[in-house]
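Below: the structure, in structure tokens.
Position 1 is the first residue of the sequence; numbering continues from there.
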Amino acid sequence: MTAAPRRLESYVCGSWNPGRSEGQLLSDAATGAPVARIDSSGIDFAAVLDHGRRVAGPKLREMSFHDRAAMLKALGLALMERKEEFYTESLHTGATRSDGWIDIEGGIGTMLTFASKARRELPNTRVLTDGEVEPLSKDNSFVAQHILTPMRGVAIHINAFNFPIWGMLEKIAPTLLAGVPCVVKPASQTAYLTELCVRRIIETGILPEGALQLVCGSVGDMLDHVTGQDAVTFTGSAWTGRKLKSHAPVVANSVRFTMEADSLNASILGPDAGPGTPEFDLFVKEVAREMTAKAGQKCTAIRRVIAPRAHVQALVAALGDRLGKTTLGLPYEEATRMGPLASLDQREEVRARIRDLQADAEIVAGNPDEVKTGSGDATQGAFLNPVLMYCEKPFGASAVHEVEAFGPVSTVMPYDDLEEAVALSHLGKGSLVSSIFTDDPAVAADVVLGAAPFHGRVLIGNRASAKSSTGHGSPLAPLVHGGPGRAGGGEEMGGMRGVKHYMQRTAVQGSPRLLSAVTGRWVDGAPVQHDIHPFRKSLAELRIGDQLITAARQVTQEDVEHFAHFTGDTFYAHMDTEAARANPFFDDRVAHGYLIASFAAGLFVEPNPGPVLANYGVDNLRFLTPVYFGDTLQVRLTCKEINPRASAEHGEVRWDCQVTNQNGAVVAQYDVLTMVAKTWPAVAAQAAE
């Protein structure tokens, strides 16, 4: 007896909601068996948005970036423990184990990467500073600083069917890091996997209530209730995306809208990468992999294969041979190398698009109407063998540059020179990713610089990176995912760039004292405190504005010459009077910049054991005024920013270091970065034990 399909539920306003009607039946991609029913009727979508804004928003904004990062890390680790349950459910989508890995562990890994990068790159505060302080008056009494703060609305994420977990997690990770609640609307076709993942997320209790809501089914009138503090992201067809983007309240309220749409991604074989070269073999492998992974249902898959005319025949033969060995079948069978498309309707859609492409191209490998499987029933499952096409005259064609068959379909097209190759890459009118396979630096430079304006990411493949390369079709958390033109014009991920999409940049003007109070970061001109040496203070005692003015030290010729010979830095400006005076920047021999930084450290360091555990770097070092023999140096060291770590007994402290000469001119300016114990002498006592 066939099990009854389970009822998917939406998680909204703090409870699970099954909808009111029978809903749409969702079927197993490989067998056609019923899996689930989905319906969102009866949901009050205005209340859903209000719940996120009112209940979750304040809780998220109370947390620092490090708090939110720790939350995401805990969530990612909890999901990783449950991954096998997701793999089992993923089989219904037609995904093989390797396909599921991209979606499941790839998605969880993306969340963990965001958590890790946030802890490393963002301060342990609730506000971000953006850029340097801008002086607005000669006496420094009026300054400005750009800041980033969380938007006060909700991010609505409308996702595609091909990555039910990755598509959700790669969007909610930067959103939650920014301090903004999310509403996720998965594509109905594979929503059962997203729903299962959200159930497990809610069960952990890690997220504040309302931080993540789920809508299984239609979003109804949700977009009628968006405000200028909300954001919408969409992954899917360009037609649907444009319709949502032009929705009246979205336009009227200037709602932030990020779209990832159709993308005719191109991969180019370099003229140097002929048969017999490692790059040719890598190219064949990459094209075949991108055609068959997830049955070609990837927004980053290679749709247009651009190759030198002289190598086309060999390329088509090699691809045809490799694709012909791809075993099609049930996703859980060990011998299967490619599973079915997401649904029978999706298979018919791909077949229709192949017919459109045949206006410009011929099929040279595979038959879309004749399915050969190693397992499974081709009448019940959405199976389709890979189809390779060839367009002899791509510059006179239109369909191959306009039509995307969202399945295991690619079109080979020839070029006669690199200029043509780049021009062909442009004809896709903007895509998520392009790639060039070459071992020639000149070819790489010409293609990348020529293609980059039309693509969100460009991969260079060659023998040197083959073992470590993540490949053409892999979006990565630190890198921008999105593309111009027909690809939607949006950007996602990109490391902390993605977090800032959900924050408002504001220019704040005022006195240094008040600006420092707003940002939690000392600004030159803000109040300072002088008592004990600040290096004697633990994080519990240290305050923004704690300052040390050091004694002075004279720089002598002997100092400079000793440093030169000791370090090996005998650059002429330090050692040769005549040559130094001929230099337009100097009047005479000068001290080394790094000698100045070393003397500065000698002036401000407190030598005894104490709460300062280590110096781990210097930021923004600039040498501003030459130092000559006989000049005197003095240091002003000010506590600029304090970032305690929640998971350690220390934190990072950023110190403003200004070195001046006897005339008060700034010789060097930089930030010193140290690790400081939260308490002292407790840490010392612990170390002694």
Side-chain angles (χ1 to χ4, degrees), residues 29 69-119 157 159-177 182 184 186-187 190-204 206-207 212 214 235 286 289-290 292-301 331-334 336-339 342 433 457 459 467-479 481 492-495 498:
M71 175 182 74
L72 287 187
K73 180 181 179 180
L75 185 57
L77 294 176
L79 291 179
M80 198 66 82
E81 292 177 356
R82 295 158 172 80
K83 66 181 181 180
E84 291 304 324
E85 187 179 8
F86 303 145
Y87 274 114
T88 300
E89 190 78 352
S90 178
L91 293 172
H92 293 306
T93 73
T96 63
R97 177 81 183 193
S98 59
D99 291 338
W101 184 92
I102 303 170
D103 184 34
I104 298 164
E105 295 189 57
I108 299 170
T110 295
M111 172 173 279
L112 290 171
T113 298
F114 268 103
S116 177
K117 287 182 71 66
R119 292 196 306 275
H157 298 308
N159 297 332
F161 69 83
N162 51 336
F163 288 105
I165 290 182
W166 180 87
M168 171 177 67
L169 297 185
E170 67 94 359
K171 290 184 178 183
I172 71 169
T175 310
L176 293 174
L177 276 175
C182 308
V184 171
T190 54
Y192 44 84
L193 181 52
T194 310
E195 192 241 32
L196 176 63
C197 186
V198 172
R199 280 190 180 276
R200 299 301 174 253
I201 289 174
I202 299 303
E203 287 169 4
T204 68
I206 292 171
L207 297 183
L212 175 62
L214 173 72
T235 302
E286 192 71 7
R289 179 171 69 173
E290 288 301 314
T292 57
K294 292 284 289 185
Q297 298 170 118
K298 292 172 61 182
C299 54
T300 53
Y332 51 82
E333 295 284 355
E334 187 175 346
T336 296
R337 292 295 173 265
M338 190 177 90
V433 57
R457 177 168 57 88
L459 175 131
K467 290 183 179 180
S468 55
S469 174
T470 51
H472 169 103
S474 299
L476 300 174
L479 306 181
H481 178 56
E492 296 175 358
M493 297 198 297

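The main-chain N or O of A78 is found under 3.5 Å from a side-chain atom of R82 such that the two form a donor-acceptor pair. Under the 3.5 Å distance criterion, the side-chain polar atoms of T336 are left unmatched by any main-chain donor or acceptor of M338. Between the side chain of Q297 and the backbone N or O of K294 there is at least one donor-acceptor pair closer than 3.5 Å. Proximity of a side-chain donor or acceptor of T93 to a complementary backbone N or O of S90 within less than 3.5 Å is detected. Side chain of S474 to main chain of T470: a donor-acceptor pair is present (N/O by atom type, distance under 3.5 Å, no hydrogens or angles). For the pair E286 (side chain) and H472 (backbone), a donor-acceptor distance under 3.5 Å is present.
Using a 4.5 Å cut-off on side-chain heavy atoms (C-beta onward), V198 and L212 make contact. Here the side chains of D99 and T96 are in contact, with some heavy-atom distance below 4.5 Å. Between Y87 and E105 there is a side-chain heavy-atom pair separated by less than 4.5 Å. H92 has its side chain out of reach of T190: every pair of non-hydrogen atoms, C-beta onward, lies at least 4.5 Å apart. L79 places a side-chain heavy atom less than 4.5 Å from the side chain of L169. With a 4.5 Å cut-off on side-chain heavy atoms, C197 and M168 count as touching. At a threshold of 4.5 Å between non-hydrogen side-chain atoms, the residues P186 and L214 count as touching. Using a 4.5 Å cut-off on side-chain heavy atoms (C-beta onward), F86 and T88 make no contact.
Closest heavy-atom contact between D103 and G167: OD1-N, 4.5 Å. Here the closest heavy-atom approach between residue T194 and residue P164 is recorded as OG1-O, 2.8 Å. The two residues A301 and G296 come nearest to each other via the heavy atoms CB-O, 4.0 Å. Residues F114 and P174 share a closest heavy-atom pair of CE2-CB, 3.9 Å. Listed here is the closest heavy atom pair of L112 and G76: CD2-CA, 3.8 Å. A69 approaches R119 most closely through the heavy-atom pair CB-CG, 3.6 Å.
To the nearest 0.5 Å, atoms CD1 (I104) and CD (E85) are separated by 10.5 Å. Atom-to-atom distance recorded for I108:CD1 and L77:CG is 9.5 Å, nearest 0.5 angstrom. Taking CG of L72 as the reference point, atom NZ of K117 lies at 14.5 Å (rounded to 0.5 Å). The CD atom of E170 sits 12.5 Å away from atom OG1 of T113, with the distance rounded to the nearest 0.5 Å. With values rounded to the nearest 0.5 angstrom, L75 atom CG is found 5.0 Å from I201 atom CD1. Taken to the nearest 0.5 Å, the CE atom of M71 stands 8.0 Å off from the CE atom of M111.
Y332 does not carry R97 over the face of its six-membered ring by the limits of under 6.0 Å from the centre and within 45° of the normal.
F163 pairs by the ring-ring contact (aromatic ring centres under 6.0 Å, His included) definition with W166, not counting sequence neighbours. Partners of E195 under the salt bridge (Lys or Arg N to Asp or Glu O under 4.0 Å) rule, at least two apart in sequence or in another chain, are R6, R199. Scored by the side chain to side chain contact (heavy atoms under 4.5 Å, CB included) test, A160 finds N162, T235 as partners (sequence neighbours excluded).
Within a 6.0 Å radius of CD in E203, other residues, nucleotides and ligands contribute more than 12 heavy atoms.
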Can L476 and M493 be said to form a side-chain contact (heavy atoms from CB on, under 4.5 Å), step by step? CA-CA 8 Å; L476 300 174; M493 297 198 297; 5.8 Å; no
Residues T300, H481; criterion side chain to side chain donor-acceptor pair (under 3.5 Å); working and verdict: CA-CA 10 Å; T300 53; H481 178 56; over 6 Å; no
